[in-house]
Amino acid sequence: MFWSNYFIPTLKDTASEDAQVISNSLMLKSGMIRKNASGIYTWLPLGLRVLNKVENIVREEMNNAGAHEVLMPMVQPKDLWNESKRWDKFGPELLRFKDRHDRDFCLGPTHEEVITDLIKNNVKSYKELPLNIYQIQTKFRDEIRPRYGVMRSREFLMKDSYSFHLSEESLEETYQIMRNAYSKIFERIGLDFKIVKADSGAIGGDKSEEFHVLAENGEDTLAVSDKSDYAVNAELLLENGQDSKSLVGQESPDGNGLLEITKGIEVGHIFQLGKLYSENMNATVLDDSGKAKNMHMGCYGIGISRIVAAAIEQNFDDKGIIWPKSISPFDLNIITIGADKDKNIEASSRKLYKELTQKGFEVVLDDRDDGFGKKIKDSELIGVPVSIVFGKNFTDHKKVEIIFRNGEKVASALNEVEEII
RNA sequence: CGGGGUAUAGCGCAGUCUGGUAGCGCACUCGCUUUGGGAGCGAGUGGUCGUAGGUUCAAAUCCUACUACCCCGACCA
């Protein structure tokens, strides 16, 4: 990718009102996103690269966990939501509208209805279970107050999966598989996270746990034990109006250690739904004695777009974003300085670009007609882990300078570059 | 929905109190000089001041209504 032909509209400033939370400010400044309406964003090329990387890691781990990808409709008919009794229950967060025939529809905030309908019409025998189906798709929730950029937006990208089982034991087994897959996803991305017990909320069901990325700007307050791995969403321990600070120093409910308070961003949530939906929607299979049984269900969500913001909240400095390597939009940024003075610079930088690209690195070549200051500032802002500079030192001594995002600099001959990075 | 704000050039802002030729910085275009920490000089482009009404000789500025957006709260896989 040549920067001069690419579309990375970086900004020096954002409106003070948009700068309330660091990830939003940096995503706007680095040219990753632009706002279209409250809680609704366009993903620009740079942002989309990151979003796609997160998406692909999630997809790989879902496939490894034995889940199968589908794509369900975003537009859903009222009938289905009547079956689950949620058309009336869901409230104004469900964006409803009518088609030209005056029929009621909504934009899917989640897909329990669609998937349950699909499975009950196409799976008849216990022999076809367990089944774990997922999709990666845009969700719409008409939040009362969208905020913090893509962290709490109305339209967002989510991976949601749903599992179907004959028995509770089978559900428990898949639940654990998904729990492990989720842990692996956040480990692979390189985020500091915690699994906490949670309220299952409007979705309903028996058991649920949330995955939180730990960050000061998190919307949720977590209570964690200082001795054991006990962790819980603090709201579960609080009486009405009680301050979460009052939990600090209390004995952990698991009897092991004292509670501490930390802030988290909820990026994943896994549920054991039990038979809630299968009973409401009459989703059954025949068991080995030929009797119709309501299926046990689990559902598992990950906020793909929210992970991007959460990763920034956990990895930034005063210069900009510091991407974990796993989701950086580029591995390397090759910067040329004064290329029209020294024709060698253009030729050599393009040659290196080509070589590294062929070796599998994702490289951007900053060939813009600008000085060092602007280019390195942009490189730091967009958070690329490594910059390689062709400048004076190359003209004089045939050496490039390798600058890591942490500020370390190394002069290097061209044939040593690959080793150093 | 309650409370608090904001809306003027692509972006960031001043001007509004006290009505009188639409401003600044950045960006952008052209030229020349530059090119290792957001370059310099010169010349330019770009706005019916959120929308609709009203007051006035005259409205970005005063009045009324509306809309959008942001923050706090309630809410929230």
Side-chain angles (χ1 to χ4, degrees), chain A residues 9-21 24-25 28-29 31 34-40 86 90-94 108-112 139 141-149 151-154 156 158-162 182 196 198-205 207-212 219-220 233 235 240-241 265-273 276 298-303 306 319-320 335-342 345 366-381 387-396 399-403 407 409 411:
Chain A
T10 58
L11 303 171
K12 277 190 186 172
D13 302 296
T14 55
S16 51
E17 56 184 31
D18 287 322
Q20 302 292 335
V21 70
N24 189 224
S25 171
L28 289 165
K29 280 188 191 170
R34 286 294 182 266
K35 186 168 60 190
N36 181 34
S38 179
I40 300 178
R86 287 208 296 182
F90 213 91
E93 203 178 316
L94 183 66
T110 176
H111 283 69
E112 282 83 5
K139 295 283 187 282
R141 295 181 189 177
D142 200 359
E143 296 277 350
I144 291 178
R145 184 150 88 84
R147 61 180 135 181
Y148 306 149
M151 272 233 271
R152 178 170 294 285
S153 52
R154 293 193 290 172
F156 59 97
M158 184 181 199
K159 189 285 303 176
D160 48 326
S161 32
Y162 306 88
Y182 274 37
V196 307
D199 183 6
S200 47
I203 295 285
K207 178 177 177 185
S208 86
E209 292 171 290
E210 292 169 350
F211 286 72
H212 283 261
E219 284 193 279
D220 292 290
N233 196 317
E235 66 189 21
N240 256 353
I265 300 164
E266 184 192 340
V267 289
H269 201 154
I270 56 179
F271 296 84
Q272 292 189 12
L273 294 172
L276 186 69
C299 87
Y300 320 89
I302 280 192
R306 185 180 278 182
K319 294 172 178 168
I335 292 175
T336 61
I337 311 293
D340 47 339
K341 279 276 171 53
D342 179 356
I345 285 181
D366 190 349
D367 57 338
R368 294 175 297 174
D369 184 24
D370 284 301
F372 176 77
K374 178 173 177 166
K375 290 189 175 190
I376 195 71
K377 291 279 186 201
D378 273 346
S379 193
E380 287 162 344
L381 176 63
S387 302
I388 301 173
V389 184
F390 283 80
K392 265 187 187 141
N393 206 353
F394 186 78
T395 305
D396 298 343
K399 288 206 165 180
V400 293
E401 182 157 44
I402 299 175
I403 304 179
K409 301 179 183 184

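Per chain, numbering begins at 1; letters A, B, ... match sequence-line order.
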note: Lys29(A), atom NZ; G38(B), atom C1'; distance rounded to Å ~ 13 Å
Whichever of Asp220(A) and Lys392(A) has the more 5' nearest nucleotide on RNA chain B, that residue is Lys392(A)
Hits for side-chain hydrogen bond (donor to acceptor under 3.5 Å, both in side chains) against Asp13(A), two or more places apart or cross-chain, chain-then-number order -> none
(Q) Mind checking if Glu219(A) touches a base, just sugar-phosphate, or nothing, with heavy atoms under 4.0 Å? (A) nothing
Separation of U34(B) atom C1' from Asp342(A) atom CG, nearest Å, is 16 Å
Margin query: Mind checking if Lys139(A) touches a base, just sugar-phosphate, or nothing, with heavy atoms under 4.0 Å?
Written below: nothing
Pairwise P distance for U21(B) and U61(B), with rounding to whole Å: 14 Å
Notebook entry, point to check: Base, sugar-phosphate, or nothing: which does Ala339(A) touch, judged by heavy atoms less than 4.0 Å apart?
Noted result: nothing
What nitrogen or oxygen pairs link the protein and nucleotides 9-11 of chain B at under 3.5 Å?
unit_1: C11(B); atom_1: O2'; unit_2: Asp13(A); atom_2: O; d: 3.4

ask   = Counting any heavy atom closer than 4.0 Å, what does Gly373(A) reach on the DNA or RNA strands: base, sugar-phosphate only, or nothing?
value = sugar-phosphate
Paired to C30(B) by Watson-Crick or G-U wobble criteria (both distances under 3.5 Å) is G42(B)
Regarding the side chain of Ala37(A), the nearest nucleotide among G37(B), C69(B), C76(B) is C69(B)
From the candidates G37(B), U34(B), C76(B), the one with an atom nearest any side-chain atom of Lys341(A) is U34(B)
When rounded to whole Å, the CG to P distance for the pair Leu28(A) and C69(B) reads 15 Å
From the candidates C72(B), G37(B), C69(B), the one with an atom nearest any side-chain atom of Arg147(A) is C72(B)
Here the distance between atom C1' of C76(B) and atom CZ of Arg145(A), to the nearest Å, is 12 Å
Looking only at G37(B), A74(B), C26(B), the nucleotide nearest the Ile144(A) side chain is A74(B)
Out of C76(B), C26(B), G37(B), minimum distance to the side chain of Lys12(A) belongs to C26(B)
All heavy atoms of Gly338(A) vs all of Ile345(A), minimum pair found to be O-CD1, 4.3 Å
Tell me whether the side-chain N or O atoms of Glu380(A) pair up with the base of G37(B) as donor and acceptor below 3.5 Å, since no angle test is needed here. yes
Taking atom C1' in both U18(B) and A58(B), what distance in whole Å separates the two? 16 Å
Checking U35(B), C69(B), C72(B) against the side chain of Asp369(A) (C-beta onward), the nearest is U35(B)
Worksheet item: Is a donor-acceptor contact shorter than 3.5 angstrom present between the side chain of Arg152(A) and the base of C76(B)?
Response: yes
query = If you look at every strand shown and take non-hydrogen atoms under 4.0 Å, does Tyr148(A) touch a base, only sugar-phosphate, or nothing?
reply = sugar-phosphate
Asn36(A) atom CG is separated from C70(B) atom P, nearest whole Å, by 12 Å
Is there a donor and acceptor pair, one atom on the side chain of Asp370(A) and one on the base of G38(B), closer than 3.5 Å? no
Residues at least two apart in sequence or cross-chain that pass side-chain hydrogen bond (donor to acceptor under 3.5 Å, both in side chains) with Asp366(A), listed by chain then number, are Arg368(A)
Glu143(A) CD to C72(B) C1', in whole Å, measures 17 Å
By the Watson-Crick or G-U definition, both distances under 3.5 Å, C66(B) is matched with G50(B)
Winner on side-chain proximity to Ile376(A), out of C69(B), G37(B), C26(B), is G37(B)
